[in-house]
Asks: 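Pasting in a structure now, in structure tokens, and then I'll have a few things to ask.
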Amino acid sequence: MRALLQRVTSAQVTVDGEVVGRIEPSATGIRHGLLALIGVTHTDDEATARALAEKIWRLRILEDERSAADLGAPILVVSQFTLYADTRKGRRPSWSAAAPGPLAEPLVHRLAETLRESGATVAGGRFGAHMEVELTNDGPVTVMLEI
């Protein structure tokens, strides 16, 4: 699994004109939150999803080198199969390394649920939908994680 994490001051996901997920850390007195774009590949399983969730929750990229766990910062989880794009040949990406929906969807849900079980406030996009993601990246800070 891969996660592209962005430290944000706000973020939201819209599907068909409806906001389906939003975080606004400042509304809770916290300056930052995380937008987590999540990619799944064929060999991933529930243990991988749990490990990546733990890494996201504890990664110290927020203010004063603290983690979402330290601050209680919110996390917006969005499935993103394009994180597994292979662009080595030609001009058209190959998506063959991305897991198909029936494998990927439950793992993205498991990751979000593991974050919630850890105490995170988690919002999410809608799996498989065409989503519009808006964010204000702070820093900017963007980090790629792979488990």
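These figures come from a predicted structure and were not determined experimentally. Along the sequence shown, residues are numbered consecutively beginning with 1.
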Asks: Would the distance check show the side chain of Arg126 and the main-chain N or O of Met131 forming a donor-acceptor pair, the cut-off being under 3.5 Å?
Replies: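 Absent.
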Asks: Considering only NZ, NE, NH1 and NH2 on the basic side and carboxylate oxygens on the acidic side, decide whether Arg110 and Glu113 come within less than 4.0 Å.
Replies: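 No.
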Asks: Quick check: is Leu135 connected to Val19 through a chain of hydrophobic side chains (ILVMFWY, heavy atoms under 4.5 Å apart)?
Replies: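 As far as the 4.5 Å side-chain criterion goes, Leu135 and Val19 are not connected within one cluster.
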Asks: Show every salt bridge (Lys or Arg N to Asp or Glu O under 4.0 Å) that has at least one partner inside residues 67-78, sequence neighbours left out.
Replies: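 Non-adjacent pairs meeting salt bridge (Lys or Arg N to Asp or Glu O under 4.0 Å): zero.
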Asks: If you count the non-hydrogen atoms of other residues, nucleotides and ligands that lie under 6.0 Å from CZ in Arg60, is the total more than 12?
Replies: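 No, CZ of Arg60 has 12 or fewer neighbouring heavy atoms, counting only those of other groups under 6.0 Å.
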Asks: Side-chain heavy atoms nearer than 4.5 Å, only ILVMFWY residues, links allowed to pass through others: does that put Leu35 and Met144 together?
Replies: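 Yes, Leu35 connects to Met144 through the hydrophobic network.
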Asks: For Ser26 and Glu24, test the side chains for any donor-to-acceptor distance below 3.5 angstrom and give the result as yes or no.
Replies: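 Result is no, nothing qualifies.
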Asks: Take Thr136 and Asp138, measure what side-chain contact (heavy atoms from CB on, under 4.5 Å) needs, and give me the verdict at the end.
Replies: CA-CA 6 Å; Thr136 302; Asp138 185 65; over 6 Å; no
Asks: Answer yes or no: is there a side-chain heavy-atom contact under 4.5 Å between Thr121 and Ile75?
Replies: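 Sidechains of Ile75 and Thr121: no contact.
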Asks: Salt bridge between Glu146 and Arg2, side-chain N to carboxylate O under 4.0 Å?
Replies: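 Looking at Glu146 and Arg2, the cut-off is met.
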Asks: Sequence neighbours excluded and cut-off under 3.5 Å, please list the side-chain donor-acceptor pairs for residues 41-49, or say none.
Replies:
unit_1	atom_1	unit_2	atom_2	d
Thr41	OG1	Ala97	O	2.5
His42	NE2	Ser96	O	2.7
His42	NE2	Ala98	O	3.3
Asp44	OD1	Met1	N	2.8
Asp44	OD2	Met1	N	3.0
Asp44	OD2	Thr41	N	2.8
Asp45	OD1	Ala47	N	3.2
Asp45	OD1	Thr48	N	3.0
Asp45	OD1	Thr48	OG1	2.9
Glu46	OE1	Arg50	NH2	2.9
Thr48	OG1	Asp45	N	3.4

Asks: Any sub-3.5 Å donor-acceptor pair from Ser67's side-chain atoms to Ala69's backbone N or O?
Replies: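 Judged by distance alone, yes, a pair lies under 3.5 Å.
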Asks: Taking the six-membered ring for Trp and the full ring for Phe, Tyr or His, determine whether the centres of Tyr84 and Trp95 are under 6.0 Å apart.
Replies: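 Tyr84 vs Trp95: aromatic centres not under 6.0 Å.
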Asks: Test side-chain contact (heavy atoms from CB on, under 4.5 Å) on Thr14 and Val20 and set out the steps.
Replies: CA-CA 6 Å; Thr14 305; Val20 297; over 6 Å; no
Asks: Under the criterion side-chain contact (heavy atoms from CB on, under 4.5 Å), I'd like the reasoning laid out for Leu34 against Val8: C-alpha separation, chi angles, the key distance, then a yes or no.
Replies: CA-CA 6 Å; Leu34 295 174; Val8 299; 5.9 Å; no
Asks: Dump the intermediate steps for side-chain contact (heavy atoms from CB on, under 4.5 Å) on Leu4 and Leu145, then the final yes or no.
Replies: CA-CA 6 Å; Leu4 183 67; Leu145 300 178; over 6 Å; no
Asks: Which class fits the ring pair Phe127 and His109: parallel under 30°, tilted 30 to 60°, perpendicular over 60°?
Replies: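 Because their plane-to-plane angle lies in the 30° to 60° range, the rings of Phe127 and His109 count as tilted.
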